[in-house]
Amino acid sequence: MVLIDADPNRPLEAWSRLRPLSSQLRIMVDDSAETVIDTIEEARAGADFVIVDLEGTATDRIGFAVAR
């Protein structure tokens, strides 16, 4: 499973530093509207499940991620 932290506040990245992650869980960080789709596609190639954490306001990044 891959978690993509696409929130500019990077809460998943901060959370992942609190304790070691399971070997079955990977965190990727990408808060750029220009590259978030590529990051999602890269994650999909190597994982059965991809969860994208987005900020709570309407942005292009959210539209791109939801479309994927």
Side-chain angles (χ1 to χ4, degrees):
M1 177 186 295
V2 176
L3 302 176
I4 299 176
D5 195 346
D7 183 332
N9 295 319
R10 298 187 176 178
L12 289 179
E13 183 181 42
W15 170 76
S16 71
R17 284 189 245 129
L18 295 176
R19 64 172 61 185
L21 297 176
S22 162
S23 62
Q24 297 177 5
L25 181 63
R26 186 167 62 118
I27 303 254
M28 297 174 75
V29 176
D30 186 343
D31 61 3
S32 168
E34 291 80 26
T35 59
V36 72
I37 290 177
D38 294 334
T39 301
I40 292 169
E41 292 300 322
E42 179 185 337
R44 275 182 43 180
D48 292 330
F49 298 98
V50 176
I51 298 173
V52 182
D53 177 37
L54 300 159
E55 64 192 279
T57 58
T59 64
D60 289 344
R61 180 175 43 257
I62 290 174
F64 295 148
V66 170
R68 271 299 180 226

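Throughout, numbering of the chain's residues begins at 1 and tracks the sequence.
For the pair P11 and D53, the tightest heavy-atom approach, listed with the atom from each and the gap, is CG-OD2, 3.4 Å. Counting all heavy atoms, side chain and backbone alike, E13 lies closest to D5 at N-OD2, 2.9 Å. Closest approach of V2 to A47, counting heavy atoms only: CG2-CB, 3.5 Å. P8 and D31 get closest at one heavy-atom pair: CA-OD2, 3.6 Å.
Taken from CD1 in I27 to OG in S16, the straight-line distance is 4.5 Å, to the nearest 0.5 Å. Atom-to-atom distance recorded for E42:CD and T35:OG1 is 10.0 Å, nearest 0.5 angstrom.
Side-chain contact check for I4 versus V50: some heavy-atom pair is nearer than 4.5 Å. Residues I51 and M1 are in side-chain contact: their nearest non-hydrogen atoms beyond the backbone lie under 4.5 Å apart. M28 has its side chain out of reach of L3: every pair of non-hydrogen atoms, C-beta onward, lies at least 4.5 Å apart.
Cluster membership for V52 and I37, using ILVMFWY side-chain heavy atoms within less than 4.5 angstrom, is shared.
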>> Evaluate L25 against F49 for side chain to side chain contact (heavy atoms under 4.5 Å, CB included), listing each step before the verdict.
In response: CA-CA 10 Å; L25 181 63; F49 298 98; over 6 Å; no
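With hydrogens and angles left out, the side-chain atoms of S22 and Q24 include no donor and acceptor closer than 3.5 Å.
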